[in-house]
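All chains are named by letter (A, B, ...) in the order of the sequence lines, taking the proteins before the strands, and each is independently numbered beginning at 1.
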Amino acid sequence: MATPPRVRFAPSPTGYLHIGGARTALFNWLEARRDHGRFVLRIEDTDRERSTVESVQAILDGLRWLGLDWDEGPEVGGPYAPYFQTDRLATYRAAADRLVAEKKAYLCYCTKEELEERRKVFERQKRPYKYEGTCRNRTEPVPGRTAVVRFRMPDSDETVTFEDRVIGKISKQSSDLDDFVMLRADGIPLYNFGAVVDDHGMEITLVIRGQEHINSTFPQLLVYRALGWKTPDFAHLPLILGPDREKLSKRRHPEADVMLHRKNGILPEALLNFIVRLGWSHGNEEIISREQMVQWFGFDHVGSTSGVWNPEKLLWLNQHYLKTLPEADVAQRLLPFLAQRGVDAAGDPRLPRVVVALRERSKTLVEMAELARPFFVRPEMDPKAVAKHLDDTGRVMLRKAREALSPVTPWAASGIDPVLKALSESEGVGMGKVAQPIRVAVTGSTVSPPIGETLELLGKDETLERIDAALR
RNA sequence: GUCCCCGUCGUCUAGAGGCCCAGGACGCUGGCCUUUCAAGCCGGUAACACGGGUUCGAAUCCCGUCGGGGACACCA
């Protein structure tokens, strides 16, 4: 507690920001914000085959959309720069050289083909693969080959243990580990080495990551020890599972894409709220603002059981935020969704009122935009709605309604509703018989806010014109 | 297969030995409200994986079984 924590989110830029990554980033961010610490963003771009600059951008965009700002990292710099691993190769080389000199690591000349061959043999024998140490005691280079650097596991078996902030004590036998590759021949580090060198170099005090990394913690711990470095604390977060109960992955779960949710009209507030409750809780609280998260967050209430993605709850939260955020704010965010549907409502004074009228009937901005469209442009008519409500009797009622409506002034729900009510009474029919034909005539569908409100928002001229058009 | 982690309603979870014949939320569902669709309000449904211990007492501690997931690369 004495020194503020330094935490980091270290994604590899091999695709868009996914939900699991976003949640890891969020927990790191919360930990840093709560405790006046620093949130570092480091890009682990050491997989040159798959890393792309587009992915880096996609990840930064995703984090920004969620409002997870980083104190150090790409585009903002910081005292431990650079923050891209491929810009830090000299550091890894130096650490690796030292380990080799101290015989805690060694040069390995085995080829990938040879290793692949051995791996197959192990597989056939149904034994877990482990590097066999072919080069462990080699003293001379193999001509014509370049060497990778391997970590030398302890000769005698021992128990490697650490105290996880979420799970508690976790241990493993070192004999279950093998001499893993730390550095490729071209000097680019592999995860278990690069992460350690950087976490130490960047003075990270707490490593927060997903449970899929528990097993890689053990070799990393041995690297810290070999280098004589103090180890950070670890907190392994429970996994997020897809509906099939398997780890949420880009390959099989489209909902793993953070930006897909944005496209689907989900608000970042809702996504964050949903994600934070997957694995963390604060009593019975369900609706949790960003400020409250920062205030309440702590690892004592992070659970250790995996959570399943639950789209209905996300939608429920989304509607909650749609209903409670200031309407001007929601209106602003709705604009691009309207634009996609050919509606330019920017600056239209009715927009915030339309938002208020629609937010309790929309779960997403997409739904809201669709319901909002008829208020700004002539709608296409839903044939089923027309057939049902604008049949002969419907049209007769619509004509009468039009006559009753035309003298109404001023044009407001408070004046419109009594007129329609009176009509339904004089005709001896329910309000539905009166309102539905009008609703279909002006919005093209059977669903809209209360009829008086709908007509008021639409305006008198537009209302009467649409009724006339429907009557034609 | 080996190793690691996990196991409370369908789902997210509260629960840190008696407050629990288990609470909240989403979903589903009955009702109310109602001019549509919603929203809202009231009610219902549904869980401590199983078996042994420890204890006066266990969802909570220990062991085992079963189940689920994760990791086993010159990916991260």
Side-chain angles (χ1 to χ4, degrees), chain A residues 10-14 44-47 49-51 108 110-112 115-116 119 122-123 125-131 148-150 164 166-168 170-173 175-178 180-186 188-192 194-195 209-218 236 238-239 241 243 245-247 274 277-287 300-301 303-317 319 323 358-363 371 385 389 417 420-421 424 429-436 438-440 443 445-452 454:
Chain A
S12 69
T14 54
E44 306 212 329
D45 56 350
T46 53
D47 183 341
E49 308 279 285
R50 299 192 300 148
S51 295
C108 170
C110 296
T111 64
K112 285 182 189 173
L115 296 171
E116 191 50 43
R119 189 170 296 117
F122 275 79
E123 203 168 308
Q125 295 173 182
K126 289 194 180 300
R127 288 162 56 205
Y129 172 76
K130 274 175 64 178
Y131 176 66
V148 302
V149 181
R150 276 187 192 273
D164 189 89
V166 173
I167 297 165
I170 307 179
S171 46
K172 195 186 190 88
Q173 293 305 119
S175 54
D176 287 330
L177 272 20
D178 74 347
F180 63 93
V181 176
M182 300 167 16
L183 216 58
R184 297 178 174 96
D186 58 8
I188 295 188
L190 270 89
Y191 174 63
N192 281 334
R209 69 212 330 183
Q211 278 184 6
E212 71 269 29
H213 292 293
I214 288 180
N215 281 302
S216 55
T217 307
F218 303 105
H236 288 94
L239 267 14
L241 274 25
R245 301 198 128 266
E246 298 215 10
K247 189 175 81 157
F274 175 71
R277 287 285 291 103
L278 237 36
W280 173 77
S281 61
H282 183 76
N284 283 334
E285 301 292 337
E286 293 291 348
I287 305 293
D300 41 345
H301 285 281
S304 43
T305 59
S306 310
V308 176
W309 183 260
N310 181 185
E312 287 80 19
K313 188 154 183 182
L314 207 213
L315 253 14
W316 172 75
L317 281 165
Q319 180 163 36
K323 285 190 299 188
L358 295 179
R359 58 174 156 200
E360 56 197 34
R361 27 183 72 75
S362 324
K363 291 197 182 301
L371 290 172
H389 297 288
D417 284 328
L420 295 180
K421 187 80 188 152
S424 85
V429 298
M431 257 306 256
K433 292 287 179 209
V434 176
Q436 283 307 78
I438 304 175
R439 193 182 322 269
V440 173
T443 70
S445 89
T446 55
V447 176
S448 89
I451 196 67
T454 298

Rounding to the closest angstrom, what is the interatomic distance between [N] and [M] at atom [atom1]?
| N | M | atom1 | value |
| --- | --- | --- | --- |
| B:rC19 | B:rU65 | P | 31 Å |
| B:rU36 | B:rG24 | C1' | 33 Å |
| B:rG43 | B:rC9 | P | 24 Å |
| B:rA73 | B:rC61 | P | 35 Å |
| B:rC66 | B:rG23 | P | 33 Å |
| B:rG44 | B:rG27 | C1' | 14 Å |
| B:rC28 | B:rC63 | C1' | 39 Å |
| B:rC48 | B:rG30 | P | 26 Å |

Taking ring-ring contact (aromatic ring centres under 6.0 Å, His included) as the definition, give me every residue that meets it alongside [X], ordered by chain and number, with sequence neighbours left out.
| X | value |
| --- | --- |
| A:His236 | A:Phe162 |
| A:Tyr129 | A:Phe122 |
| A:Trp316 | none |
| A:His282 | A:Trp296 |

d([atom1], [X]; [atom2], [N]) in whole Å:
| X | N | atom1 | atom2 | answer |
| --- | --- | --- | --- | --- |
| A:Glu212 | B:rA71 | CD | P | 7 Å |
| A:Leu315 | B:rA25 | CG | C1' | 15 Å |
| A:Asn215 | B:rG69 | CG | P | 16 Å |
| A:Asp176 | B:rC5 | CG | C1' | 15 Å |
| A:Ile214 | B:rC4 | CD1 | P | 11 Å |
| A:Gln211 | B:rC3 | CD | P | 19 Å |
| A:Leu239 | B:rG70 | CG | P | 7 Å |
| A:Glu116 | B:rA73 | CD | C1' | 9 Å |

A:Thr305: side chain to side chain donor-acceptor pair (under 3.5 Å) partners, not counting sequence neighbours: none
Considering every strand and a 4.0 Å limit on heavy-atom distances, what is the contact class for [X]: base, sugar-phosphate, or nothing?
| X | answer |
| --- | --- |
| A:Ser445 | nothing |
| A:Cys108 | nothing |
| A:His213 | base |

Set of salt bridge (Lys or Arg N to Asp or Glu O under 4.0 Å) partners for A:Glu116, sequence neighbours left out: A:Arg119
Listed partners of A:Glu360 passing salt bridge (Lys or Arg N to Asp or Glu O under 4.0 Å), at least two apart: none
Looking at [N], which nucleotide sits across from it as a Watson-Crick or G-U wobble partner, both distances under 3.5 angstrom, or is there none?
| N | value |
| --- | --- |
| B:rU54 | none |
| B:rG1 | B:rC72 |
| B:rG17 | none |
| B:rG67 | B:rC6 |
| B:rC41 | B:rG31 |
| B:rA59 | none |
| B:rU11 | B:rA25 |

Phosphate contact (B:rA73 OP1 or OP2) by A:Arg50 side-chain N/O below 4.0 Å: no
Neighbour count >12 (heavy atoms, 6.0 Å) for atom NZ, A:Lys433: no
Any donor-acceptor pair under 3.5 Å from A:Gln211 side chain to A:Ser306 backbone: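 Judged by distance alone, no pair lies under 3.5 Å.
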Main-chain N/O of A:Glu285 paired to A:Arg277 side chain as donor or acceptor, under 3.5 Å: yes
Verdict with supporting geometry, A:Leu278 and A:Val308, side-chain contact (heavy atoms from CB on, under 4.5 Å): CA-CA 8 Å; A:Leu278 237 36; A:Val308 176; over 6 Å; no
Nucleotide-resolved protein contact map, nucleotides 32-40 of chain B, B/S/- at heavy-atom distance under 4.0 Å: ---BBBBSS
Base versus backbone protein contacts along nucleotides 10-20 of chain B [heavy-atom cut-off under 4.0 Å; B, S, -]: -BBSSS-----
Which residue lies more 5' along RNA chain B, comparing A:Glu246 with A:Lys112 via nearest heavy atoms: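 The answer here is A:Glu246.
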Sub-4.5 Å side-chain heavy-atom contact between A:Asn215 and A:Lys172: yes
